[in-house]
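Working notes, beginning with the structure itself.
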Amino acid sequence: MSGLRREALKWYKTLQRTKDHVFAGDHRAIVAARQRIREEFLKNKNLTEEKDIKEKIKIARDVDVELRGSVVQAVKVHENVYQAKITGDTKKLDNVMFDPNADIPAPRSKKCGDGKK
């Protein structure tokens, strides 16, 4: 088994474990993610160019980072009350207060030119 093939298989397994971790307790999301991961890897199983395979491995790595860092599940606790399931991998950004006195520039015109050729 070539090194790239082994690495692709490693990322397939990693994404399968990541979906179990990220979507824990949500059977529908787990089934949908499992199917999507499988479809994407099967669609690309016949790639032969090293450059293409490396690009797909990079995409798998990026998807893993995004799933772990960006997906937050909300669980209904009571009527109109939800609790966010945040993991240690979840990206947390600083909450910057909006300054109502800020000078906001007008939007730029969407024209690309004056229409002359």
* Exercise: identify the closest heavy-atom pair between K76 and N80 ->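 Taking every non-hydrogen atom into account, CE-N, 4.3 Å.
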
* Asked: Of the non-hydrogen atoms in I57 and A8, which two are nearest, and what is the gap between them?
  ->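 Answer, listing the atom of I57 first, then A8: CD1-N, 4.0 Å.
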
* **Any pair counted as salt bridge (Lys or Arg N to Asp or Glu O under 4.0 Å), so long as it reaches residues 24-33, sequence neighbours left out** =>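 Every candidate salt bridge (Lys or Arg N to Asp or Glu O under 4.0 Å) pair involving residues 24-33 fails, so no pair, neighbours aside, qualifies.
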
Between the side chain of [X] and the main-chain N/O of [Y], is any donor-acceptor distance below 3.5 Å?
X: T18; Y: T14; value: yes
X: D99; Y: N101; value: yes
X: K85; Y: A24; value: yes

* How long is the span from the CD atom in Q73 to the OG1 atom in T90, to the nearest 0.5 Å? ->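 Answer rounded to 0.5 Å: 10.0 Å.
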
* **Nearest-0.5 Å distance, CD1 of residue I30 to CD of residue Q16** => 10.5 Å

Check: [Y] and [X] side chains under 4.5 Å, non-hydrogen atoms:
X: V77; Y: Y82; value: no
X: H21; Y: D89; value: yes
X: L15; Y: F41; value: yes
X: E50; Y: L4; value: yes

* Does the pair L67 and F23 meet the rule for a side chain to side chain contact (heavy atoms under 4.5 Å, CB included), with working shown? -> CA-CA 9 Å; L67 282 173; F23 300 117; 4.1 Å; yes

* To do: Give a yes or no on whether K13 atom NZ has more than 12 heavy-atom contacts from other residues, nucleotides or ligands under 6.0 Å away.
  => no

* Is the number of heavy atoms from other residues, nucleotides or ligands under 6.0 Å of K51 NZ greater than 12? -> no

* Who pairs with E40 by side chain to side chain contact (heavy atoms under 4.5 Å, CB included), at least two apart in sequence or on another chain? ->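 Partners of E40 by the side chain to side chain contact (heavy atoms under 4.5 Å, CB included) criterion, ordered by chain and then number, come out as R36, K43, N44.
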
NZ/NE/NH1/NH2 to OD/OE distance under 4.0 Å, [X] and [Y]:
X: D64; Y: R68; result: yes
X: R61; Y: E7; result: yes
X: R34; Y: E39; result: no

* **Single-linkage hydrophobic cluster, 4.5 Å side-chain cutoff, V71 and I59 together** =>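 Same hydrophobic cluster.
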
